[in-house]
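Working notes, structure below.
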There are 2 protein chains.
Amino acid sequence: MRVGRLSDVPRSVLIIEDDPRIRRILQMTLQREGLDAVEADSGETGLERLAERDFDVILLDLMLPGKDGFEVCREIRRTSNVPIIMVTARGDSHDVVAGLEAGADDYVSKPFVAKELSARIRALARRTRAPQPRVRIEVGDLEIAPQDGTVTRAGEPVNLTRTEFKLLCELATEPGRVLSREELLERVWGYDYFGDSRLVDVHVRRLRKKVEEDPGHPTVVTTVRGMGYRVPG
Amino acid sequence: MRVGRLSDVPRSVLIIEDDPRIRRILQMTLQREGLDAVEADSGETGLERLAERDFDVILLDLMLPGKDGFEVCREIRRTSNVPIIMVTARGDSHDVVAGLEAGADDYVSKPFVAKELSARIRALARRTRAPQPRVRIEVGDLEIAPQDGTVTRAGEPVNLTRTEFKLLCELATEPGRVLSREELLERVWGYDYFGDSRLVDVHVRRLRKKVEEDPGHPTVVTTVRGMGYRVPG
DNA sequence: GGTCCGTGTGACGAACTCATGACGACGGTG
DNA sequence: CACCGTCGTCATGAGTTCGTCACACGGACC
């Protein structure tokens, strides 16, 4: 799972754009705004970059050769909730809606105004930022490293699925606090998910199976009846 | 039974929609979800309502007679950053884009799914709200953290049910003030609950059993004969 | 002391909440 | 293509919580 940064302003932006000229313009625009921009010339390389490290925001062109922008967007959303801004041709409103439905958070139209672009990046990063994760969270003999995406128990690595890991992170970053199913659904599955909230139960159970000493008497993720789940502080 | 909601959910929604049938459906849908919905049949009256009081979320139809939705949206945005959800016809992607550009935060398409609608409202309100300060209320050796959903007594966690917890929170957030049974019923059980007010007594008793040193001589939640209950300030 | 009204107490069935196991769908991989 | 891991949904059952009731208790007032 990708977790947002701690600082007040976003620092890193990943640009996924095939046209070298536009990419260059974006790059310089952002750099002038004090942002660290990394370029990718296709959806595939973009996903690779994203696998290597975290970014605060992703700028995604919809008209890409090979894997198109929507596909890339959906693919990113499967593993991350990093804010995505689409880059579209002016007036192509159908693309915008399709992009939003694919999981993008905002969009800018070509030709874009530099100031507007950076303002949107900042606004988006501010709105979607996750609560500050600690560098390393310890719960009993469990050690969680949100940035690395790893969990170890008594030194032994624990193999969690992406959903389980995100769930654990959300709970563990606010120890002592009870998180309702609604809240967890929104944070882990995204605000536009409208399925059964029993889904949380199932994943908590799967998570417990892997991290709890005795899944029958959980100590890491405890149930607060009628309210939700909590990692004891 | 309809249980009232936890305190971190939005309460009030302003519906700006000219079609009486749709307005009615929206109203009932939201009410069933425990939201307080106010109706406005045109952009003008909507703006008036908004001038009178605050809302947590605004539902705005784009196809309005007179002042259209975009205009209303821009007008609202000049004075307020209240979350706005547009209501659009299915597939009308151009409107969606124009609406977002006018300052809306999200959109739903007609026909909408009740569950989705209320989920979007909740999610939007939660995201745009300023993070609530972590209040800690102390009553004797009792410590209440409404946001965390936890209560401790002399450091030891106290296991309260949802109803007991809400009841205690309502009383403890206004120490010294006597809350009548009717008032407590409305706040804890919701304004749409019409039952025996003796219900409060029973839950006060259950609450006392868990938080009082000597439930026979309560010090945390005291009875004011003929008036109601109070947490001594 | 006796009566009345408001409140405390214990008990009970109904409703609800959650854990559990199982199933099918889907995508990735060999 | 079959296999595997992950995910979302569902049905079931156990345990908890809730709302209601009948009755006991105890001040207030006569």
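Sequence lines set the chain letters: A, B, ... in the order given, protein chains first and strands last, and positions in each chain run from 1. Since this is a predicted model, take the numbers as computed values, not measurements.
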Measure from [atom1] on [X] to [atom2] on [N] and round the result to the nearest Å.
X      : N      : atom1 : atom2 : answer
B/L199 : C/dA11 : CG    : P     : 19 Å
B/R162 : C/dA15 : CZ    : C1'   : 12 Å
A/R74  : C/dG27 : CZ    : C1'   : 14 Å
B/H203 : C/dT9  : NE2   : P     : 15 Å
A/M227 : C/dC18 : CE    : C1'   : 15 Å
B/R206 : C/dT7  : CZ    : C1'   : 16 Å
A/D201 : C/dC16 : CG    : P     : 16 Å
A/R181 : C/dA19 : CZ    : C1'   : 11 Å

>> Both B/L160 and A/E164 contact DNA chain D. Taking the nearest nucleotide for each, which residue is further toward the 5' end?
In response: A/E164
> Looking for any heavy atom pair under 4.0 Å, which part of the strands does B/V202 touch: base, sugar-phosphate only, or nothing?
Replying inline: base
> Taking the side chain of B/T163 as heavy atoms from C-beta outward, which of D/dC7, D/dC18, D/dG19 is closest to it?
Replying inline: D/dC18
> Which nucleotide sits closest to the side chain of B/R225: C/dG6, C/dC18, D/dT9?
Replying inline: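 Taking heavy atoms from C-beta onward, the closest nucleotide is C/dG6.
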>> Is it the case that C/dT9 (base atoms only) and B/R205 (side chain only) share a donor and an acceptor within less than 3.5 Å, ignoring hydrogens and angles?
In response: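 It does not, because no donor-acceptor pair links the side chain of B/R205 to the base of C/dT9 below 3.5 Å.
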>> If I take atom CZ from residue B/R187 and atom CD from residue B/E182, how far apart are they, to the nearest 0.5 angstrom?
In response: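 Separation between the atoms: 12.5 Å.
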> Does a salt bridge link A/R153 with A/E143, judged by any charged N lying under 4.0 Å from a carboxylate O?
Replying inline: no
> Looking at A/E183 and A/R177, does any basic side-chain N land under 4.0 Å from a carboxylate oxygen?
Replying inline: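 Looking at A/E183 and A/R177, the cut-off is met.
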> Just by distance, do the side chain of A/K210 and the backbone of A/V158 share a donor-acceptor pair under 3.5 Å?
Replying inline: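 Side chain of A/K210 to backbone of A/V158: no pair is present.
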>> Take a 6.0 Å sphere around CG of B/D54 and say whether it holds more than 12 heavy atoms from other residues, nucleotides or ligands.
In response: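 Not buried by this count: 12 neighbours or fewer within 6.0 Å.
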Kindly say if [X] contacts the phosphate of [N], meaning a side-chain N or O under 4.0 Å from OP1 or OP2.
X      : N      : value
A/T223 : C/dC18 : no
A/R198 : C/dT17 : no
B/T161 : D/dC18 : yes
B/Y229 : C/dG8  : yes
B/W189 : D/dG19 : yes

